[in-house]
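Proteins get letters first, then strands, A, B, ... in listed order; numbering begins at 1 in each. No hydrogens, no waters, no symmetry mates; every other heavy atom, side chains included, goes into these values.
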Protein chains: 2
Amino acid sequence: MPAQKAHSGSSRARRGPPWTAENSAGFISPVGVAIDVVLLSVRDGALSLVLVRDDDDQLVLPGGFVLDTEDAEAAASRHLREKTGVEAPRHLEQLKTFTDPSRDHRGWIPSLAYLALVPPETDLSGERALWQSLSDGVPKLGYDHTGILEIALDRIRGKLWWSNIAVGILPGEFTMTRAREVYEAIAGIKYDPSTFARDLNHTALVEPTREHVMTSRGRSAALYRFVSDDLVWGEGRRKRVRG
Amino acid sequence: MPAQKAHSGSSRARRGPPWTAENSAGFISPVGVAIDVVLLSVRDGALSLVLVRDDDDQLVLPGGFVLDTEDAEAAASRHLREKTGVEAPRHLEQLKTFTDPSRDHRGWIPSLAYLALVPPETDLSGERALWQSLSDGVPKLGYDHTGILEIALDRIRGKLWWSNIAVGILPGEFTMTRAREVYEAIAGIKYDPSTFARDLNHTALVEPTREHVMTSRGRSAALYRFVSDDLVWGEGRRKRVRG
DNA sequence: AGAATAGTGTCTGTAAGACAATATGAA
DNA sequence: TTCATATTGTCTTACAGACACTATTCT
């Protein structure tokens, strides 16, 4: 049997009769399981995502089929690596599964949407992959991918002040100003610098490293790090987002 | 081809060689897609869920296979109806999809977990279905269902004061005391009656009907209703839960 | 009258927005 | 010295917990 990879991604645009599948008990079964990944970061002060150009020249989310030897998280990481060159996202979480049997013209293919985060300096290797800034609004994507992107943005904004989810984007050590830029890009609003620092410290999700750095001009800034590299929930700050 | 229903649910306990499936393009495909539903309500002041007894006499969540003619929400409603007699849950939302290919001994079967809510007076018709109170802790369930239940409880607690999710459990019109009992059962803590009323009103998710009812003894109580029957997000109250 | 339930009013500590004032380092 | 950035401090409003007090209706 040929590798499943052969029918993933690049053949998506192909038309023709849909595929079918049947299991050994004689019942109709899905043709496959797919994943789509919303890979976000904050670049040059703007929330940005990775898109790939498919065979129809549409901009779509990176994704592809799940193999029978891996779970969906592994498939998401694998397709990111193959299609965008991103080795391992710092954060990966499930968003929603789309199950309408007619959602994919190739046949009955449930699709799992994922949210992934990487640091800003992440470079892409695939020729078809590109960073797209969200500062000018949400771009129109192929298939149902615009809707998936909206879900991803709701999710990361919803978690911003209630978890350490920004650990997926910020470097290991960062200044308050750096953190604020990332939070502002995600939230879509500006925060007062002093209030921001007070409230982020108040979450107890970050701790000072006792080191200082010069950024450009002006006073040197204290460095902070997240207490945990894994996703954890904090006390929660009821701070404005997207106002 | 026989109805897919024949291989759902009751045959789950059967051992033997796993099923396999292949699609018309010659690739391995999932054997099927399943759903499992955490159906919750508040009965006699206790958060309760519906369980069914499977062929191995294990207590498990109601669920079964998704057909190629329906999406997963429809499958969840259908299996609830068939296995528990619950006609249509007042609320149904996706929790998480489990995709480990080895999670089901019958073969490669991704499973979607759902949270469903019904009013307390909902009676069950299936002989194998029962209401289980959660007041004495979380019961041990078969398969990975205990973990799914934990996710469901986290979800409903997380949304309690940020959405009108209780609309799935409370009757169309209710007193503040009734609402408080439901919120307390979900949150797992007690609320001060006057503070509760003040804060629930403050969400603007409920409105008074201008009617009053006698409950048993004491002063008559004002009736309220949720402004929307669909799930909506409120301003959000930063109230304690599960303390 | 007394008990039981519903509802109002008030006090207090904390949270979060706004912004003034000070500290530190480079040009 | 002057500018730019970082950090501390203050003021104010709103929120949420606690709880005293009033209102209504039944036995």
Inset, instruction - Flag the pair F196(A) / L200(A) as yes when at least one side-chain heavy-atom distance between them is below 4.5 Å, and no otherwise. - result: yes
Inset, instruction - Using salt bridge (charged side-chain N to carboxylate O under 4.0 Å, His left out) as the criterion, list what pairs up with R128(B), not counting sequence neighbours. - result: D55(B)
Inset, instruction - Please answer whether the main-chain N or O of L141(A) pairs with a side-chain N or O of T146(A) as donor and acceptor at a distance below 3.5 Å. - result: yes
Inset, instruction - Starting at atom CE of M214(A), determine the distance to atom P of dT5(D), rounded to an integer number of angstrom. - result: 13 Å
Legend entry - N/O donor-acceptor pair under 3.5 Å between N164(A) side chain and D230(A) backbone: yes
Inset, instruction - Can you tell me the distance, in whole Å, between the CZ atom of R217(B) and the C1' atom of dC26(D)? - result: 7 Å
Inset, instruction - Nearest whole angstrom, please: distance from the C1' of dA16(D) to the OH of Y183(B). - result: 16 Å
Inset, instruction - Mind calculating the distance between CD1 (I189(B)) and P (dA16(D)) to the nearest angstrom? - result: 13 Å
Inset, instruction - Scan residues 218-225 of chain B against DNA chain C and write down, sorted by residue number, each residue with any heavy atom closer than 4.0 Å; if none is found, say none. - result: G218(B), R219(B), S220(B), A221(B), A222(B)
Legend entry - Heavy-atom closest contact (A75(A) atom, V66(A) atom, distance): CB-CG2, 3.8 Å
Legend entry - Distance-minimising heavy-atom pair for L39(B) and L117(B): CD1-N, 4.1 Å
Inset, instruction - Write down the distance between NZ (K190(A)) and P (dC19(C)), rounded to a whole number of angstrom. - result: 16 Å
Legend entry - Closest non-hydrogen atom pair between S41(B) and W131(B), with its separation: CB-CH2, 3.6 Å
Legend entry - Side chains of I165(A) and E93(A) in contact at under 4.5 Å (non-hydrogen atoms): yes
Legend entry - Residues in contact with DNA chain C, drawn from residues 170-180 of chain B - heavy-atom cutoff 4.0 Å: T177(B)
Please list every donor-acceptor pair under 3.5 Å in which a side-chain atom of residues 168-183 of chain B meets a protein atom from a residue at least two apart or in another chain.
{"residue": "T175(B)", "atom": "OG1", "partner": "R178(B)", "partner atom": "N", "Å": "3.1"}
{"residue": "R180(B)", "atom": "NH1", "partner": "E184(B)", "partner atom": "OE2", "Å": "3.4"}

Inset, instruction - Please state how far atom NE2 in H212(B) lies from atom C1' in dA23(D), giving the value in whole angstrom units. - result: 12 Å
Inset, instruction - Could you grab the distance from atom CG of L115(A) to atom CG of D154(A), nearest 0.5 Å is fine? - result: 11.5 Å
Legend entry - side-chain contact (heavy atoms from CB on, under 4.5 Å) involving P119(B) - partner list, sequence neighbours excluded: R90(B), E121(B), T122(B)
Legend entry - Strand-adjacent residues in residues 192-205 of chain B, judged by heavy atoms under 4.0 Å from DNA chain D: D192(B), S194(B), T195(B), R198(B), D199(B), H202(B)
